[in-house]
Amino acid sequence: MEPVRPEFVPDPSLSRAEMETRQTDIADAAAFTDDLAVEPTALGEQPVVAGVDQAFDGDTATSALVLIQGGEVIKRTHATAPTAIPYIPGLLSFREGGAILDAFVGLEREPDVVLVDGSGRIHFREAGLATHIGVTLDVPTIGVAKSLLCGQPRESLDEPLGAGERVAIEADEDVTAPDGTVIGYAVQTRQYDSDSRHINPLYVSPGHRVSAETAADVVARQAAEYKLPEPTRLADAYAGELTS
DNA sequence: GCGACAG
DNA sequence: ATCTTGTCGC
């Protein structure tokens with residue numbers, strides 16, 4: 001597949017202000033409602049779920065893409081690209097987006113949904129990495145982050161959540177969405193039984209063409225033995241072996 | 001100046 | 001993200 005909205009392909013040479021303006025346009029083009037097929041079809045066909053993750057080696061970014069269907073890996077591809085700019089909170093997609101889009105070029109089978117490492121709507125301008133990739137390719141995407149960029153948990157996360165629990169993340173003054181808008185969920189895919197050690201939740205948010213609720217459902221469903229959903233975990237491992 | 005923030 | 005050994009606990 002290739003960009004359906006080439007004007008949104010991340011351009012690292014833009015000024016910071018131009019990048020932020022671009023993100024506003026991307027958020028306007030994004031759909032934070034369900035427009036995807038993740039349920040098995042009447043014929044028993046399982047959805048194709050993809051996971052993308054990046055690893056770095058000096059100034060080279062490697063993006064690894066893994067497609068899974070019914071628990072089986074059906075495709076693995078990757079791409080590399082030089083990192084043109086440093087990591088800047090809020091502008092991550094302009095650093096890593098290029099390599100990610102390259103990894104999708106040549107994909108014959110289009111995934112039903114893509115799990116992206118990072119935030120989607122949980123972003124100052126509601127245009128995180130997952131949203132940027134989703135809108136540019138016009139493919140359903142979900143942001144899966146290990147820490148919270150912005151927004152406010154509806155309930156305190158000071159106490160560990162039990163496996164299967166989730167807490168809504170609401171927009172506050174740092175986010176462009178109206179205060180109180182549910183922009184994502186803290187999702188506890190796994191948890192220890194003991195009291196001394198505990199696992200932190202994942203921060204899941206809509207990228208494009210997915211609602212916050214469905215995003216959380218999909219991630220919970222794709223995580224089995226580990227904290228990370230399987231497509232993301234395998235993409236992470238693949239990126240690691242490509243870099244070593 | 002302080003705060004503060006994905007990967 | 002990446003730099004890095006051991007160590008705690010299931």
Query - Gap between atoms CG and P, on A/L228 and B/dA6 respectively (whole Å) - result: 16 Å
Query - Shortest side-chain distance from A/K146, nucleotide among C/dT2, C/dC10, B/dG7 - result: B/dG7
Report task. Starting from C1' on C/dC10, measure out to CZ on A/R197 and report it in whole angstrom. Result -> 9 Å
Query - Protein-nucleotide distance (A/Q54, atom CD; B/dA6, atom P), rounded to Å - result: 15 Å
Report task. Figure out the OH/P separation between A/Y185 and B/dA6, and round it to whole Å. Result -> 23 Å
Report task. Provide, to the nearest angstrom, the distance between the CD1 atom belonging to A/I169 and the P atom belonging to B/dC5. Result -> 13 Å
Query raised in the report: When the distance from CG of A/D53 to C1' of C/dA1 is rounded to whole Å, what number comes out?
Result: 9 Å
**Report entry** Aromatic stack A/Y87/C/dA1: centroid gap under 5.5 Å, interplanar angle under 30°
**Finding:** no
Report summary line: Minimal heavy-atom distance between A/Q188 and A/P201, with the atoms involved, is OE1-CB, 3.4 Å
Query - Sugar-phosphate, base or nothing in reach of A/S119, heavy atoms under 4.0 Å - result: base
Report task. Scan A/F56 against the nucleic acid and name what it touches under 4.0 Å (heavy atoms): base, sugar-phosphate only, or nothing. Result -> sugar-phosphate
Requested in this report: Would you tell me if any nitrogen or oxygen in the side chain of A/S194 comes within less than 4.0 Å of OP1 or OP2 on C/dC10?
Outcome: yes
**Report entry** Heavy-atom closest contact (A/A216 atom, A/V204 atom, distance)
**Finding:** N-CG1, 3.9 Å
Report task. Round to a whole Å and report the spacing from CG of A/D172 to P of B/dA4. Result -> 13 Å
Report task. Please work out if A/L148 contacts a base, only the sugar-phosphate, or nothing of the nucleic acid, heavy-atom cut-off 4.0 Å. Result -> sugar-phosphate
Query raised in the report: If you check every side-chain atom of A/L149, which of B/dA6, C/dG9, C/dT2 has the closest atom?
Result: B/dA6
Report task. Measure from the side-chain heavy atoms of A/F124 and tell me the nearest of B/dG7, B/dC5, C/dG9. Result -> B/dC5
Query raised in the report: Would A/K146 and A/D117 pass as an ion pair if we require N to O under 4.0 Å?
Result: no
Query raised in the report: Which is true for A/L202 with a 4.0 Å heavy-atom rule: it touches a base, it touches only sugar-phosphate, or it touches nothing?
Result: nothing
Query - Touch class at under 4.0 angstrom, heavy-atom based, for A/A61 against every strand present - result: nothing
Report summary line: Closest to the side chain of A/D117, out of B/dG7, B/dC5, C/dC10, is B/dG7
Report summary line: Of all heavy-atom pairs linking A/L149 and A/S119, the shortest is CB-OG, 4.2 Å
Report task. State whether a side-chain donor-acceptor pair under 3.5 Å links A/S15 with A/E18. Result -> yes
Query - Spacing between A/L92 atom CG and C/dA1 atom P, to the nearest angstrom - result: 11 Å
